[in-house]
Enquirer: 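A single structure is presented below for examination.
Each ligand, and each atom within it, is numbered from 1 in the order the structure gives. Treat the numbers as computed from the prediction; the structure is a model and nothing was measured.
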Amino acid sequence: MRILLGISGSIAAYKTAHLTRLWVKESAEVKVLMTPAATGFISPLTLSTLSKHPVISDVQSETGWNNHVELGLWADALVIAPATANTLAKLANGICDNILSAVYLSARCQVFVAPAMDLDMWRHPSTQHNVQRLQQFGVHVIPVGVGELASGLVGEGRMAEPEEIVEFVRQWLVTSSAPLLLAGKKALVTAGPTQEPIDPVRFIGNNSSGKMGVALAEELAKQGAQVTLVLGPSALEPSKALQTVRVQTAAEMYEACQAVFEQMDIAVFAAAVADYRPKNVSSQKIKKTGADMQVDLVPNVDIAATLGQQKKAHQLMVGFALETNEEESNALGKLHRKGFDFIVLNSTRDEKATFGFDTNKITILDPNGLKKAYPLKSKQEVAADIVQEICSRSANR
Ligand code: CTP
């Protein structure tokens, strides 16, 4: 493995000698890049001795111009550790004023960052925004540790330990070299709430954040599926790997799904679709009169049930059921009525599961009596479990 280790100016830079040593011991070839600030924290001589390559800390050096494009193409992984708030900000915004940011912009390999900073700098919305932006670009963020910081404060912001960084990169490379189980498959995912207008400023909606559905769509894409995500009003910004169709109402969601359903191999219905919509939508804001008022509602199309009737044998359909009571029998009713191959049951009685939380607790049920209950996990991990179930079932279709 060829690793470019990019070091920026943080006290955690002293740990990069050990990090370099760990990789070299594993027979990786390591080349080190340093920002000018990093050279104040650890000597380039230490790192060139350990890596057995000259350390590059400037776009120009005595030996000439350092070709950042070539370096970016040479590596299998660019690992920026420690990544300071300043370096993260530069990478997130395309600022290219040192060798490290220049190589980042030219790199075609996987990029990992191991942030290191004081806890208030880490928590600051601008840092968090930059980290999210980098994740959207496909950069892998190695989680920060919690503990004593150089400032004397205690909290989040410590760079991950060298052993953790080596393990994180190794894990990623192992998983990414595994065969993609859904390569060549097309998948449709519905996610988020729908909003049914009453007048130009009001609507009937629900509390769905879209997190579970978007996590599922991303996970399907990671397994090589070509994903169409039909997303109701949600603050989330899905990655560019997905083809996202934004909709507002259940009718729009149905139309977007119907347009592509026939070409799909997999359809996952994770949206919290409004069952009813106002019969009449006022073109002007409804004025208060002081008297009681009624909004007449008419049923919306059941997207999953309607598409379930058009389902072909090779198509795999997965539904969700969010229940408050008689969870299992309600979910089984929906499974049979809508023609799902399996249904993912959530209960509002489980703490930290369902709407708005980053965690979820699910049970998978199928028409043959399968019942798999999972513990409380992050929505990403839950998405991976559901996609694993999809992969094992779509292999035989
Ligand atoms: N669903 C759908 N279109 C609708 C309603 C629901 O596609 N108009 C899908 C959901 O995305 C979910 C499944 O059907 O996968 C079950 O949704 P849920 O709202 O729990 O079921 P309903 O049939 O609406 O039953 P109820 O609201 O009475 O519990």
Enquirer: Are more than 12 heavy atoms, taken from residues, nucleotides or ligands other than Gln388, located less than 6.0 Å from that residue's CD atom?
Expert: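 12 or below, so no.
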Enquirer: Are more than 12 heavy atoms, taken from residues, nucleotides or ligands other than Glu29, located less than 6.0 Å from that residue's CD atom?
Expert: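 Buried by this count: over 12 neighbours within 6.0 Å.
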Enquirer: Please work out, at 4.0 Å between heavy atoms, whether the side chain, the backbone, both, or neither of Ile303 comes within that distance of ligand 1.
Expert: both
Enquirer: If we only count N/O pairs under 3.5 Å, is Ala304 in contact with ligand 1?
Expert: yes
Enquirer: For Lys285, give me all partners under side-chain hydrogen bond (donor to acceptor under 3.5 Å, both in side chains), at least two apart in sequence or on another chain.
Expert: none
Enquirer: Report the part of Asn330 in contact with ligand 1, treating N, CA, C, O as backbone and CB onward as side chain, heavy atoms under 4.0 Å; options are side chain, backbone, both, neither.
Expert: neither
Enquirer: Are Glu156 and Arg123 within salt-bridge range, i.e. N to O under 4.0 Å?
Expert: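 Answer for the salt bridge query: no.
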Enquirer: Between the side chains of Glu252 and Arg246, is the shortest nitrogen-to-carboxylate-oxygen separation below 4.0 Å, so that they form an ion pair?
Expert: no
Enquirer: May I ask you to list the atoms of ligand 1 that are less than 4.0 angstrom from any heavy atom of Gly319?
Expert: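 By the 4.0 Å cutoff, the relevant atoms are 15 (O).
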Enquirer: For ligand 1, which atoms, with element, lie under 4.0 Å from some heavy atom of Ala271?
Expert: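 Taking each heavy atom of Ala271 in turn, ligand 1 has 10 (C), 11 (O) under 4.0 Å.
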Enquirer: Give me the ring orientation class for Phe340 and Phe269: parallel if the planes are under 30° apart, tilted from 30 to 60°, perpendicular past 60°.
Expert: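 Ring orientation of Phe340 relative to Phe269: tilted.
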Enquirer: Nearest protein heavy-atom contact for atom 8 (N) of ligand 1: which residue, which atom, what distance?
Expert: Val301 O, 3.0 Å
Enquirer: Any N or O of Phe340 that comes nearer than 3.5 Å to an N or O of ligand 1?
Expert: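 There is no such contact.
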